Novice: 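Starting off with a structure, shown below.
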Amino acid sequence: MIRAPRGTFDVLPDDAARRRTLEAHAERILGAAGYGQIETPTFEATELFARGVGEATDIVRKEMYTFDDGGGRSLTLRPEGTAPVCRAYIEHGMHKLPQPVKLWYLSSFFRAEAPQRGRYRQFWQVGAEAIGSAAPETDAELIVLLADLLGAVGAKGVRLRLSSLGTPETRAEYREELKLYLHARESRLSEDVRERIDQNPLRAFDATDPGTRDVMREAPLLLDRLDPQDAAHFAQVRELLDTGGVGYEIDPSLVRGLDYYTRTVFEFESDVLGAQSGVGGGGRYDGLMEELDGPATPACGFAAGVERMLLAAGEPPAPPDHVDLFIALAKPNGAGTGFELSRAARRAGLSAQLELAGRSLKGQLKHADRIGARYVAIVGDDGHVSLKDMESGQQRELDAADVVQAVRKP
RNA sequence: GUGGGCGUAGCUCAGCUGGUAGAGCUCCGGGUUGUGGUCCCGGCGGUCGGGGGUUCGAGUCCCCUCGCUCACCCCA
């Protein structure tokens, strides 16, 4: 049997309904804040991610689905959404539009990771990007929008972690300081952390082994090294959240896995998710646009996992099926009448289903009951129809031509 | 890539120290020669994940392999 590839899944009708609801929430909440929807290609030039996401990240180093297009170009299934949106911003000259340009998307992404609960090789994200604004209000607004979305979806056990990574300059200085600190204590660090000191020293904060954690307790913190402008920006973001009543915890060890973040970073977690506790997160990426050869442009955004939001929301009540009319055939020669009746009912705005399986009449009634049909039209000989109210069980005879009208006004 | 758990009907699962594959649900039919929801009866449906081995005999024991899943790592 051919199965869906490892880490991928089929979205069956019940699940599709939940996703439509989530998308409707996203469109309503983000649309009301002036975000327009964008869709970018499923694959992009590999270089976009190599430069945009960062050569040192796990995503670029080992998780990308990269292929040759046959013409010598290296393409990659998009592993995230921010770099493509920035590419589109540059390509379409959006810096000439009123700033910030606010965009949102719901798209699928691809990473070659070992799948587990809440983590797939093809997964969907709702993302939003506000490009062209350095204002702390932008950061806070995005956080609030994501909080609203999570609330609307019904995500449970959600908490917000917040931090600031500073500007590239202070971050670079801090990185050197942290590297020196770590190198001086290499013997006490785990092998994994030790190997990546020069590549990504910030990662050491996320380590779980006792030795490294011990070292990190005394480590210098980036939050203590922020220059005055960055510290002020961060303070304003916090103040806006405080005023807005959005709860959060400052987490100096919060490190997002993509290299492009600057200043504000945030992550919503849910304790009902298992190991993959992040539901959605994001931050400011003031340096990314230049990295992609665009004009220096401050920007901020978030991405939230659709599957994780649905997991965190738990099982919803099953949406009731809505079937106005089921058309049963008492005799095979009634098929033509039934067929036309189903079309007439649908033209009148009713949901109508025709018997398609060749069941016995008893079987048809049973089926109609199970799909929750309000009425069953039993088509007999000579275009004569018995219309049965499935709730009361009452039944009356009428012409096929009168059935639609009878069902429309109960 | 590494480790744990699990692979028996479409789904959820039972199957004792090896002895001729089961239940519930679903689906279809019948009981009601053209009438649902409850009930009763019947039917469809399985190379017991795959391969090899031990044995008179393997779903059950041994080896290998594949898949799923959770976790590490990382992240949505």
Side-chain angles (χ1 to χ4, degrees), chain A residues 1-9 12 53 56-63 78-82 106-127 146 149-150 155 190-193 195-196 200 203 206-209 254-258 267-270 273-282 301-312 326 328-334 355 357-381 384-395 397:
Chain A
M1 179 174 45
I2 299 172
R3 318 175 55 122
R6 183 171 167 77
T8 69
F9 53 88
L12 302 180
V53 177
T57 61
D58 278 13
I59 290 175
V60 172
R61 293 202 315 167
K62 53 188 183 184
E63 295 173 2
R78 58 186 172 197
E80 60 95 50
T82 300
L106 193 164
S107 313
S108 63
F109 299 93
F110 306 83
R111 292 182 199 172
E113 295 189 271
Q116 63 187 77
R117 181 176 167 81
R119 189 172 74 187
Y120 304 95
R121 292 184 168 180
Q122 179 180 9
F123 57 99
W124 276 256
Q125 287 184 339
V126 173
L146 181 49
L149 177 60
L150 293 173
S190 72
E191 189 183 338
D192 205 51
V193 171
E195 280 177 357
R196 301 191 64 182
N200 198 345
R203 191 84 62 187
D206 281 346
T208 49
D209 71 284
L254 177 58
V255 176
R256 309 226 83 238
L258 297 80
E267 179 157 304
F268 286 88
E269 296 190 333
S270 170
L273 284 190
Q276 306 305 318
S277 59
V279 222
F302 72 69
V306 168
E307 293 76 32
R308 291 189 187 176
M309 287 191 278
L310 293 175
L311 265 178
F326 183 81
L329 305 176
K331 296 270 169 55
N333 62 13
E355 166 64 12
R359 278 177 280 250
S360 67
L361 185 60
K362 173 177 176 168
Q364 294 177 60
L365 268 295
K366 183 178 242 183
H367 179 68
D369 185 53
R370 287 192 172 142
I371 64 175
R374 286 167 51 224
Y375 286 92
V376 174
I378 301 165
V379 179
D381 297 319
H384 239 79
V385 174
S386 297
L387 185 63
K388 178 164 186 149
D389 182 325
M390 291 299 277
E391 188 157 355
S392 66
Q394 289 180 342
Q395 188 169 321
E397 307 295 315

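Predicted model only: the values in this text are computed from it and were never measured. Note on naming: letters A, B, ... go to the chains in the order of the sequence lines (proteins, then strands), and numbering restarts at 1 for each one.
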Novice: Only counting residues at least two apart or in another chain, list the ones meeting salt bridge (Lys or Arg N to Asp or Glu O under 4.0 Å) with Lys366(A).
Specialist: none
Novice: How does RNA chain B look in dot-bracket form if you count Watson-Crick and G-U pairs under 3.5 Å, write [ ] for pairs that cross, and put | where a base pairs with another strand?
Specialist: (((((((..((((.....[..)))).(((((.......))))).....(((((..]....))))))))))))....
Novice: Report all interatomic pairs (protein N or O, nucleotide N or O of nucleotides 24-30 of chain B) with separations under 3.5 Å.
Specialist:
| residue | atom | partner | partner atom | Å |
| --- | --- | --- | --- | --- |
| C27(B) | OP1 | Arg370(A) | NH1 | 2.9 |
| C27(B) | OP2 | Arg370(A) | NH1 | 2.3 |
| C27(B) | OP2 | Arg370(A) | NH2 | 3.2 |
| C28(B) | OP1 | Arg359(A) | NH1 | 2.5 |
| G29(B) | OP1 | Ser360(A) | N | 2.5 |
| G29(B) | OP1 | Ser360(A) | OG | 3.3 |
| G30(B) | OP2 | Ser360(A) | OG | 3.3 |

Novice: Out of G34(B), G36(B), C75(B), which nucleotide sits closest to the side chain of Lys388(A)?
Specialist: G36(B)
Novice: Please list, chain by chain and in numerical order, all residues satisfying salt bridge (Lys or Arg N to Asp or Glu O under 4.0 Å) with Arg121(A), sequence neighbours excluded.
Specialist: none
Novice: Could you list the residues that satisfy side-chain contact (heavy atoms from CB on, under 4.5 Å) with Glu113(A), not counting sequence neighbours?
Specialist: Glu63(A), Arg111(A), Arg119(A)
Novice: Using a cut-off of 4.0 Å on non-hydrogen atoms, how would the nucleic acid contact of Gln395(A) be classed: base, sugar-phosphate, or nothing?
Specialist: base
Novice: Quick one: side-chain contact (heavy atoms from CB on, under 4.5 Å) partners of Ser277(A), sequence neighbours excluded?
Specialist: Glu269(A)
Novice: Output yes if the stacking criterion (under 5.5 Å between centres, under 30° between planes) is met for Trp124(A) over the base of A76(B), else no.
Specialist: no
Novice: The criterion is salt bridge (Lys or Arg N to Asp or Glu O under 4.0 Å); which residues satisfy it with Lys362(A), sequence neighbours excluded?
Specialist: none
Novice: For nucleotides 64-72 of chain B, print each protein N/O atom paired with a nucleotide N/O atom at under 3.5 Å, atom names and distance only.
Specialist:
| residue | atom | partner | partner atom | Å |
| --- | --- | --- | --- | --- |
| C68(B) | OP2 | Arg6(A) | NH1 | 2.8 |
| C70(B) | OP1 | Arg117(A) | N | 3.3 |
| C70(B) | OP2 | Arg117(A) | N | 2.8 |
| A71(B) | OP1 | Ala275(A) | N | 2.9 |
| A71(B) | OP2 | Gln116(A) | NE2 | 3.1 |

Novice: Looking at residues at least two apart in the chain, or sitting in another chain, which of them share a side-chain contact (heavy atoms from CB on, under 4.5 Å) with Glu397(A)?
Specialist: His384(A), Ser386(A), Gln395(A)
Novice: Just to verify, what does Phe326(A) make a ring-ring contact (aromatic ring centres under 6.0 Å, His included) with, not counting sequence neighbours?
Specialist: His367(A)
Novice: What residues form a salt bridge (Lys or Arg N to Asp or Glu O under 4.0 Å) with Arg6(A), not counting sequence neighbours?
Specialist: none
Novice: Give Val279(A) one of three labels, base, sugar-phosphate or nothing, depending on what nucleic acid heavy atoms sit under 4.0 Å from its own.
Specialist: sugar-phosphate
Novice: Pick out the pairs of N or O atoms, protein on one side and nucleotides 6-8 of chain B on the other, that lie under 3.5 Å.
Specialist:
none

